[in-house]
J.: 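I have a structure here, written as structure tokens, and I will follow up with some questions on it.
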Number of protein chains: 2
Amino acid sequence: MAVTIKDVAKLANVAPSTVSRVIANNPRISEKTKKKVKEAMRQLGYHPNFIARSLASQSTQAIGLVMPSSADIVFQNPFFSTVLRGLSEGAHVKHYALHMTTGKTDEEIFDGVMQMVQGGRVDGVILLYSKVEDKIQSYLRERNFPFVVIGKPFKNVEEITHVDNDNFRAAKDVTEYLIKLGHQQIAFVGGSLNMVVTVERLLGYEKAIREAGITLVNEYIVHEQFLREGGQEAIRGLLSLERPPTALVVSDDLMALGVLNTLNEIGLAVPEDMSIISFNNVIIAEMSRPPLTSVDINIFDLGFEASRSLIQLIENPKEPVKRIIIPHQIVERSTCAAPNLG
Amino acid sequence: MAVTIKDVAKLANVAPSTVSRVIANNPRISEKTKKKVKEAMRQLGYHPNFIARSLASQSTQAIGLVMPSSADIVFQNPFFSTVLRGLSEGAHVKHYALHMTTGKTDEEIFDGVMQMVQGGRVDGVILLYSKVEDKIQSYLRERNFPFVVIGKPFKNVEEITHVDNDNFRAAKDVTEYLIKLGHQQIAFVGGSLNMVVTVERLLGYEKAIREAGITLVNEYIVHEQFLREGGQEAIRGLLSLERPPTALVVSDDLMALGVLNTLNEIGLAVPEDMSIISFNNVIIAEMSRPPLTSVDINIFDLGFEASRSLIQLIENPKEPVKRIIIPHQIVERSTCAAPNLG
DNA sequence: TTGTATGCGTTATCAA
DNA sequence: TTGATAACGCATACAA
């Protein structure tokens, strides 16, 4: 058996409650006994038992992380390593631990969340993604359980604390950037419309197009799981239009990489024949050839701030709902140029 | 307050212990009361409290995950998303939860492990990497705490359950593959020698070289954090030798991508002027141009088996030490060819 | 087959 | 400033 508070108490000749107070750094305790107790702890190599503490104090000092479906290809995205880093560092500041739940199906994930929450394993939850219709968000709201979403909640935006980029604005910026370069035929290549981020970026794209007085072409809007072979048809479809686009707004770097490859196979040069701008600016953006012009959304900060906000929420339930917008910047590299008007 | 075992007991007109037995699926209980209790649980929406259960049963049903330093660039490697998936699915089978600890420095990470372990937050620990001198491994061994390492332990291999590839063999295979293609000047580009995996791969490479009767050239062995600009000098150094290599064994896909870019800038064609073969076969291996010939090490299985083994170890402390070797396969793509003997 | 009582290692509420 | 003592929610040995 491990050494407990009682062992320490015995050695220090005090009551267990006194030891507990020393641990909690209770001010109403004499320097002398504090020192005595600390010495005993050191001697015995005492370490507090989190489980017992959690049970007694009804708080775990742990944050639950909800990942997207592990079956989903987005799970492979370096995005998650990076948010995780931010999340972890944010939690670390306040000495919170990280508890994870994943699952293959939505059902599995939901069960995992229920277990974490009702099982009292965590004090709060962070959703690492935002879907259009999300049972989990409703569930947490109903139970009034502290949670934060990374991304924009689809419903009840005003009532859910979330950390997000202004994806609408970012997409608009990006599209205007292409327009300024002289492009008029700009296509949008996005992921699943079930993800709020895709919706936002699509809307921003459309807004920019409209504001520029360009007519929206339905065929220019494509949604695909764009990795590997899958994306090929979509791109070929785009190129077989009578007026094929001269530029692409791609919703994710990994997708953009797939697009780049497809274009390469077709024999189109980037940026000469086609401009591409994408989002997230993960590590491979700068490692692709040509290096991707991409929107840096500061993924690390997304995670860091999410942890911070959740902890605030946990420690002060009256904390007002917050919406934290992490800034973004276009990182210009080599995939955008003026259109080839040949 | 949440609904507890007592509430259920009251409603079902039984003792709390009876409810507890129903939960535990104790066979010594009549079908009738079991049904009655289950109905009461359903009616009240009862969920067992994991914390209380953990305290009483001295087991948490949670696995602790130790990641490498989040400051480290390897953290960004898609490798981790994939092991995580495997780990998660393996744990899920036996209803274990995942608890994470990360940190920027080795010190932080070590503290995190101590807290997890001594704080009783987890029943066992999985190390997601293997370093040459690792305080954490010694610590866990001393305390006789169940743990599994993904990779090969540097010390006490016979006494630590681990899940690994035969990296020595894989590197040997790969080198022989290049030799068979006709290469005689083969360089090795690896990561930090503090990682056991690097050491193993280097040894395999050397073995193959020697067995083929080729003399080992010290200048052909390079260790670098090869991402981004950093790798350039190393590659340029290699190329400025009087007899530059015609092929490269690169210890990681991401590194290989960096190498590919550098070669591209220098104006060397792959595989015509230089063959490259790398390890891990993460998603970007097939998305690079040209697509990388890479060793698939079945990352998912690495994680899956690690979870399984740890759980076995936890549930049966007498479980013998195991060494699980996950098979590997060379996936031929487009970065290897016969040397250009021009 | 079921109920009673005790303990798991803390925190927290009273008294002293 | 400190010490008893009762929770916290569940598991389990022992009784019945």
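Reminder, nothing fancy here: chain letters follow the sequence lines and each chain counts from 1.
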J.: Mind checking if B:V19 touches a base, just sugar-phosphate, or nothing, with heavy atoms under 4.0 Å?
T.: nothing

J.: Under 3.5 Å, is there any donor-acceptor pair linking the side chain of B:S17 to the base of C:dA5?
T.: no

J.: OP1 or OP2 of C:dG3 sitting under 4.0 Å from any side-chain N/O of B:T18?
T.: yes

J.: According to a strict under-4.0 Å criterion, is A:S30 in side-chain N/O contact with OP1 or OP2 of D:dT2?
T.: yes

J.: For the pair made of CG in B:N49 and C1' in D:dC8, what is the distance, rounded to whole Å?
T.: 8 Å

J.: Please verify the inter-ring angle class for B:H95 with B:H92; under 30° counts as parallel, over 60° as perpendicular, anything in between as tilted.
T.: tilted

J.: Please confirm whether the shortest side-chain N or O distance from B:S57 to OP1 or OP2 of D:dA11 is below 4.0 Å.
T.: no

J.: Could you tell me the separation between the CD1 atom of A:I5 and the P atom of D:dG3, rounded to a whole number of Å?
T.: 12 Å

J.: In whole Å, I'd like the distance from the CG atom of B:N13 to the C1' atom of C:dT1.
T.: 16 Å

J.: Let's see if you can work this out: which of C:dT13, D:dC10, C:dG9 has an atom nearest to the side-chain heavy atoms of A:R21?
T.: C:dT13

J.: Just to confirm, is there a sub-4.0 Å distance from OP1 or OP2 of C:dT11 to any side-chain nitrogen or oxygen of A:R53?
T.: yes

J.: Taking NZ from A:K6 and C1' from C:dC8, how many angstroms apart are they, rounded to a whole number?
T.: 9 Å

J.: Measure the distance from CG on B:L55 to P on C:dG9 and round it to the nearest whole Å.
T.: 7 Å

J.: What integer distance in Å separates B:N25:CG from C:dT1:P?
T.: 13 Å

J.: Establish, from distance only, whether the side-chain atoms of A:S30 and A:T33 form a donor-acceptor pair under 3.5 Å.
T.: yes

J.: Is B:T33 close enough to C:dT2 that one of its side-chain N or O atoms is under 4.0 Å from OP1 or OP2 there?
T.: yes

J.: Rounding to an integer number of Å, can you tell me how far B:N26 CG sits from D:dT12 P?
T.: 9 Å

J.: In terms of side-chain heavy atoms of B:A56, which of C:dC14, D:dC8, D:dA11 is nearest?
T.: D:dA11

J.: Which whole-number value in Å describes the distance from B:H47 NE2 to D:dG9 C1'?
T.: 15 Å

J.: Do the side-chain N or O atoms of A:Q58 get closer than 4.0 angstrom to the phosphate oxygens (OP1, OP2) of D:dG9?
T.: yes

J.: Does a nitrogen or oxygen in the side chain of A:S20 sit under 4.0 Å from OP1 or OP2 of C:dT11?
T.: yes

J.: With no hydrogens and no angle check, do the side chains of A:Q137 and A:K131 hold a donor and an acceptor under 3.5 Å apart?
T.: no

J.: Hey, which of these two, B:R28 or B:F50, hits DNA chain D nearer its 5' end, going by closest nucleotide?
T.: B:F50

J.: So what does A:P16 hit on the nucleic acid, given a heavy-atom distance under 4.0 Å: a base, only sugar-phosphate, or nothing?
T.: nothing

J.: Can any side-chain N or O of A:S307 pair as donor or acceptor with the backbone N or O of A:L87 at less than 3.5 Å?
T.: yes

J.: Does the cation-pi check pass for B:R143 over B:F145, that is, NZ or CZ under 6.0 Å from the six-membered ring centre and within 45° of its axis?
T.: no

J.: Would you tell me whether B:Q61 and B:K94 have side-chain atoms, one donor and one acceptor, within less than 3.5 Å of each other?
T.: no

